Number of protein chains: 2
Amino acid sequence: MKDFTSPISVKRIAEPTVRRLSLYLRFLEDFEKAGRATISSGELAHVGHTTSAQVRKDLSFFGSFGKRGLGYDTGALTAQIRRILGLDRTWKVVIVGAGKIGSALAQHRGFRERGFDVVGIFDVDPHRVGYMLDGVSISDVKGLEAIVRRLEAEIAVLAVPPEVAQGIATRLSKAGVHAILDFSTEPLKVPADVTVRSMNLAMEMEILSFALANR
Amino acid sequence: MKDFTSPISVKRIAEPTVRRLSLYLRFLEDFEKAGRATISSGELAHVGHTTSAQVRKDLSFFGSFGKRGLGYDTGALTAQIRRILGLDRTWKVVIVGAGKIGSALAQHRGFRERGFDVVGIFDVDPHRVGYMLDGVSISDVKGLEAIVRRLEAEIAVLAVPPEVAQGIATRLSKAGVHAILDFSTEPLKVPADVTVRSMNLAMEMEILSFALANR
DNA sequence: CCTAGATTGTGAAGGATTTCACAAGCCCCA
DNA sequence: TGGGGCTTGTGAAATCCTTCACAATCTAGG
Ligand SMILES: NC(=O)c1ccc[n+]([C@@H]2O[C@H](COP(=O)([O-])OP(=O)(O)OC[C@H]3O[C@@H](n4cnc5c(N)ncnc54)[C@H](O)[C@@H]3O)[C@@H](O)[C@H]2O)c1
Ligand SMILES: NC(=O)c1ccc[n+]([C@@H]2O[C@H](COP(=O)([O-])OP(=O)(O)OC[C@H]3O[C@@H](n4cnc5c(N)ncnc54)[C@H](O)[C@@H]3O)[C@@H](O)[C@H]2O)c1
């Protein structure tokens, strides 16, 4: 699991900072649509449940994008954050596991809209292989490595049963995928140059349970 | 959004601690199944990608559960963590939005298995209302407040389009729900005694994008 | 019953992140 | 052209979280 280190000059960026940048971006897009030409750190902080100092500190890791006395140019800051997050391009994504979650994701419009192109879907079940999901046909997982390499997919979404997740993660890593979004519950072991993020439903539910039980 | 504060004696528990407890619990269950009677902080740390000191510190917030020289009794520690997380009971859950994500969740076995009972499902679409999902029929969202109150549902999962999420969250809060798991992208504004957790797919994908762009 | 070996529980130290607070800079208007 | 009002960018302080390090204490074995 890769750390948030960077190659040149930029030191180490904390994960919470990246999370917040992603939020700021969403708000900036709203503000842009609403026709606002500039926005202050205070306004961004307000909608993002944080403080203006936090917003400015977050941005300061990457440069000086604002104008004192005025705030930030909405369009310019949007573009900067998109660039910082690597969203000034599209990414090729494969989905492994075309079950309930996998097919929901494959049909999710917001995915492509935000620059994540689903170029491949895989399953082991012969009843599913060959069918189309939102324009992409489901391939047999046997061909995973070959197809991933040919398509040059960079990100994989894992929506397979937990007991096979580790095996698929290893195969994906070997096939050149460097980023995995995992929906299963067990933490994956991957090479150091592969980043894994987990969408762990059980954990989130348990955090809610804890909050309810201890209020 | 409620903070991780607690009523009597127990101070404030950091969110990362609760996350890790949830992980430890999963590992403990595996160890129990494998027939291990005791387990050391070092072993738990190993599988959880952390340190033994971290494991002991996490547990120490809640009591002394181990035996020096020996480690922890697997079964007893499992029970303790379940109690701490509020998993020594079942919780009543409603799902709002029976679309792609909502119905995948409703049919998800692991939900009930871990003590989260789906007692109600809601949608606004008349084509969906009345159908059954895994033994629960889909109700019209018009009746949300009445049904939530009658069932005494405590947790809600929000799988509706982002533009209606805030409205539903407010209605749920008023109907007595104190915990919400939100799948939409925009942060929700809720009363202070309601805890919200977000499963934000877009944000996770963007964190992966950042990692790829900056390696 | 005593010693060797292992592991916990926890203050204190260290590190990371957030918040504070203010000088510097920009715009507008008189 | 100069002053007032506002907002940024950023060191320093404060807070939060993790790691260290070791005394306390348990088991097992002779
Ligand atoms: N459904 C949910 O609401 C939900 C919620 C949270 C987490 N999850 C997790 O997401 C994962 C998928 O859940 P789901 O509900 O979609 O399950 P599912 O059974 O509907 O889908 C799993 C799919 O993976 C395929 N598969 C199995 N082995 C495979 C392999 N080796 N290679 C490729 N494909 C393979 C199966 O054929 C199936 O289509 C599970 O790990 C589950 O725990 C699901
Ligand atoms: N599908 C995905 O893979 C995915 C992934 C991440 C996030 N999300 C988010 O999850 C949410 C749901 O996504 P989806 O793909 O399931 O969408 P969907 O359109 O399939 O489902 C939404 C459902 O909500 C219902 N609905 C609309 N207004 C409602 C209301 N006022 N009350 C009750 N129900 C109402 C609709 O009838 C529909 O059945 C969205 O916010 C989406 O952005 C979806």
Side-chain angles (χ1 to χ4, degrees), chain A residues 1 3-6 9-24 27-28 31 36-74 76-77 80-81 84 207 210, chain B residues 1 3-6 9-24 27-28 31 36-74 76-77 80-81 84 207 210:
Chain A
M1 266 170 264
D3 230 307
F4 283 80
T5 35
S6 175
S9 70
V10 183
K11 292 164 274 295
R12 199 188 147 275
I13 302 302
E15 189 196 302
T17 296
V18 184
R19 294 185 94 64
R20 285 189 299 266
L21 287 177
S22 167
L23 275 182
Y24 303 157
F27 301 140
L28 282 165
F31 276 104
R36 295 287 312 272
T38 66
I39 187 166
S40 70
S41 58
E43 289 171 291
L44 270 180
H46 182 71
V47 290
H49 292 298
T50 180
T51 65
S52 63
Q54 182 75 81
V55 172
R56 296 197 299 278
K57 183 67 89 181
D58 286 341
L59 295 175
S60 77
F61 293 126
F62 302 96
S64 298
F65 307 123
K67 276 214 177 66
R68 291 168 192 230
L70 245 204
Y72 301 88
D73 178 282
T74 315
L77 186 56
Q80 285 292 351
I81 296 183
I84 292 166
I207 295 175
F210 176 82
Chain B
M1 267 171 264
D3 230 309
F4 283 79
T5 37
S6 174
S9 69
V10 184
K11 293 164 273 297
R12 200 187 145 276
I13 303 301
E15 191 195 303
T17 295
V18 183
R19 295 185 94 65
R20 284 189 299 265
L21 287 178
S22 167
L23 275 182
Y24 301 157
F27 301 139
L28 282 165
F31 276 105
R36 294 287 310 273
T38 67
I39 187 167
S40 70
S41 58
E43 289 171 291
L44 269 179
H46 183 72
V47 289
H49 291 299
T50 178
T51 66
S52 63
Q54 181 75 80
V55 172
R56 296 196 300 277
K57 182 66 90 181
D58 286 340
L59 295 174
S60 77
F61 292 127
F62 302 96
S64 299
F65 308 123
K67 276 213 174 67
R68 294 170 190 225
L70 244 203
Y72 302 87
D73 178 282
T74 315
L77 187 56
Q80 285 292 349
I81 296 183
I84 292 166
I207 295 175
F210 176 84

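Each chain gets a letter, A, B and so on, in the order its sequence line appears, and its residues count up from 1. The structure displayed is predicted, hence computed values, not measured ones.
- Contact of the B:Ile84 side chain with the B:Phe61 side chain is not registered, since no non-hydrogen atoms from C-beta on lie closer than 4.5 Å.
- Nearest-nucleotide positions on DNA chain C place B:Phe65 closer to the 5' end than the other of B:Phe65 and A:Thr17.
- Within the structure, every side-chain polar atom (N or O) of B:Arg56 is placed at least 4.0 Å from both OP1 and OP2 of C:dG11.
- For A:Asp58 and C:dT19, the CG to P distance is 10 Å, given to the nearest whole Å.
- Phosphate proximity of C:dT18 to A:Arg20: present, with a side-chain N or O under 4.0 Å from OP1 or OP2.
- Atom pair A:Lys67:NZ and D:dG5:C1' shows a separation of 18 Å (rounding to whole Å applied).
- Nucleotide D:dT7 holds its C1' atom 8 Å from the CG atom of A:Leu70, rounded to whole Å.
- Across the protein-nucleic acid pair, A:Leu59 atom CG and D:dT7 atom C1' stand 13 Å apart, rounded to whole Å.
- Contact check, A:Tyr72 against C:dC26: no side-chain N or O comes under 4.0 Å of OP1 or OP2.
- Straight-line distance from the CG atom of B:Leu44 to the P atom of C:dT7: 13 Å, rounded to whole Å.
- In terms of phosphate contacts, A:Ser41 brings a side-chain nitrogen or oxygen within less than 4.0 Å of OP1 or OP2 of D:dT8.
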- Task: Kindly indicate, with the supporting measurements, whether the criterion side-chain contact (heavy atoms from CB on, under 4.5 Å) is fulfilled by A:Leu21 and A:Leu59.
- Result: CA-CA 8 Å; A:Leu21 287 177; A:Leu59 295 175; 4.0 Å; yes
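- For the pair A:Gln54 and B:Ala53, both in contact range of DNA chain C, the more 5′-proximal nearest nucleotide belongs to B:Ala53.
- By the 4.5 Å heavy-atom criterion applied to side chains, B:Thr17 and A:Phe210 are not counted as neighbours.
- One distance of note links OH of B:Tyr72 with CD of B:Gln80; it measures 11.5 Å at 0.5 Å rounding.
- Taking only distance into account, the side chain of A:Arg68 never meets the base of D:dT7 through a donor-acceptor pair shorter than 3.5 Å.
- OP1 and OP2 of D:dG9 both lie 4.0 Å or more from every side-chain N or O belonging to A:Ser60.
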